[in-house]
There are 2 protein chains.
Amino acid sequence: MPPRTALKRQVNRLPPERRISDIMAAAKDVFVEKGYNDALITDIAVRAGVVEGSIYRFFANKRELLVKVVEHWFEEMLRDDAEQFAAVRGSWNQIRFIVYTHLTSIHRDPALSRLMFQEIRPAPDYRGSHLFELNRAYTNRLVDVVKAGIAAGDLRPETSPSLVRDLVFGCIEHRTWAFLRGEGDFDPAEMADAITNLVHHGLAVGSEAASPMESVVARLETATARLEAAAGIVPAKSSPRRG
Amino acid sequence: MPPRTALKRQVNRLPPERRISDIMAAAKDVFVEKGYNDALITDIAVRAGVVEGSIYRFFANKRELLVKVVEHWFEEMLRDDAEQFAAVRGSWNQIRFIVYTHLTSIHRDPALSRLMFQEIRPAPDYRGSHLFELNRAYTNRLVDVVKAGIAAGDLRPETSPSLVRDLVFGCIEHRTWAFLRGEGDFDPAEMADAITNLVHHGLAVGSEAASPMESVVARLETATARLEAAAGIVPAKSSPRRG
DNA sequence: CGTCGATGATGAATGCTATTTATTAGTGAC
DNA sequence: GTCACTAATAAATAGCATTCATCATCGACG
């Protein structure tokens, strides 16, 4: 006769929503700690207080569980950003805000960001997924900013807004890979300024800083001043410059 | 008594280099076709004409085999590019060349590029690997171009060369992800022009197109010329501008 | 207040793969 | 011609996602 305590198995019934959120919370922890491949369903089950088979009652497989976990995170993030963004004015400030908040998300949740970049986005069914749509909404804010900037005359009319999106988000990802691998740290504010300025001004000399253009202006201004003085003319107003 | 033909197992001895290159060629094909996770050692072994165990005689594990395959590809690529690059002059042209050749590599070998981006680079031991060094050499050409451009006065002196590197390579990756997932196609030449121009000029109006700065300069140059002529002064040298 | 059916939950079984290991077959030195 | 050494093999091992046959619990209904 087998022992009663071994036969009588413990069962803990809960409402489905609760089970699902328990499993997702446990899964999030394990995926964050171990990454997708090294995360064990067994481990997730133990932490969620269920048995392996129960996870498959709610999620088709390990990958779907991952997708749901990342979706949940992403949706929360979108909600938090959206309201703040509405208040920012001016194309430079808006770009800077988007860059900064994105850097902050990466800085706060490196492991989840990694899962998004490494596991979710490369999947062949990514396009067509809910996360694709969420990410599209997220990055399209920048596209809209660029379009508005062009319409307002702030930004060069021939720029492709979608190319700017790839430039900005691609740059951010590339620059944060070392951090995502766990090497070193970065300052979101500082990096946001640097990226925004570089994207805004570009590489080429010309618009503002010391440059051939600047020296031409300096030469002209000096010459004009001398000549104006010689002719006894009162100088016109000078236009203000950003600091 | 067991049948002789079944007992007598076939053994095919070959020089190690040959075995290694056979295995690597087979592995490359399978990784390219199936991706890292879905590639089976069994499959690789069959195509290489060996048995599974033999692969482990030369490669510690599946991942090392992957790394060796990608390294081999990358080294070949570096050799091919290097000589051509040496002939290109001018910062815009050099940047355009680097962007174009990188886009061409992705376009030619999407699967291998993907393995590099998705499997190799995120690994915790990437920094410190041979591929890291190779990639560093590859991307540092751009850093050197930017430094030289700054020294020559073509590029803004306050730009961070390493940030430009991340901007360019990040943008390329971000923009080619859809293609890497097998969605649609792109034209390397066209994309290279667009990226190079955007990086070079930036977003903001100012350097070349009609802009407040431009019109101020034009006004000053006209006025100065007239006044200088009237005063009988010989104008100073003007710096050349790109067309 | 008790029984029954539906469904949540279980834990053992399955199957697929990377990796290891015990054995066997060539090969070259002596 | 023999022997030791190493390449190569094929079978065994083990880890882990996924499935499945069973069991426990809850609410409805008598």
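Each chain gets a letter, A, B and so on, in the order the sequences are listed, and its residues count up from 1.
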Nearest-Å distance, CZ (A:R57) to C1' (C:dT7)?
7 Å

Between A:I95, A:V99, A:D166, which is the residue that forms a side-chain contact (heavy atoms from CB on, under 4.5 Å) with A:L142?
A:I95

With A:R96 as reference, evaluate A:N197, A:T196, A:D193 under the side-chain hydrogen bond (donor to acceptor under 3.5 Å, both in side chains) test and give the passing residue.
A:D193

Taken to the nearest whole Å, OH/B:Y56 to C1'/D:dA7 is 18 Å

Please work out if A:A39 contacts a base, only the sugar-phosphate, or nothing of the nucleic acid, heavy-atom cut-off 4.0 Å.
sugar-phosphate

Nearest listed nucleotide, side chain of B:L40, among D:dA17, C:dT19, C:dT17
C:dT17

Can you work out whether A:S54 or B:R63 has the more 5'-proximal nearest nucleotide on DNA chain C?
A:S54

Rounded to the nearest Å, what distance is computed from the CG atom of residue B:L65 to the C1' atom of nucleotide C:dT17?
15 Å

Just say parallel, tilted or perpendicular for the rings of A:H102 and A:F169, cut-offs at 30° and 60°.
perpendicular

Starting from P on C:dG15, measure out to CD1 on A:I41 and report it in whole angstrom.
20 Å

What integer distance in Å separates B:I55:CD1 from D:dT9:C1'?
13 Å

Close approaches to DNA chain D from residues 12-20 of chain A, in residue order (heavy atom, under 4.0 Å)
A:R13

Under the 6.0 Å and 45° cation-pi test, does A:R63 pair with A:Y36?
yes

Can you confirm if the NZ or CZ of B:K68 lies within 45° of the ring axis of B:F59 and under 6.0 Å from the centre of its six-membered ring?
no

Answer with base, sugar-phosphate or nothing: what part of the nucleic acid does B:F58 contact at a heavy-atom distance below 4.0 Å?
sugar-phosphate

Side-chain contact check for A:V11: nearest option of D:dT18, C:dT10, C:dT19 is C:dT10

Could you tell me if A:R141 sits above the aromatic ring of A:F85, with its cationic atom closer than 6.0 Å to the ring centre and no more than 45 degrees from the axis?
yes

How many Å lie between NZ on A:K62 and C1' on C:dT17, as a whole number?
14 Å

In this structure, which one of B:Y138, B:F74, B:Y126 forms a ring-ring contact (aromatic ring centres under 6.0 Å, His included) with B:F132?
B:Y126

Validate the cation-pi geometry between A:R181 and A:F179: distance from NZ or CZ to the six-membered ring centre under 6.0 Å, angle to the ring axis within 45°.
no

Return the value, rounded to whole Å, for the distance between atom OH of A:Y36 and atom C1' of D:dC16.
12 Å

Heavy atoms, side chains only, cut-off 4.5 Å: are B:E119 and B:N37 in contact?
yes

Hey, can you pull the residues of residues 42-53 of chain A with a non-hydrogen atom under 4.0 angstrom from DNA chain C?
A:V50, A:V51, A:G53

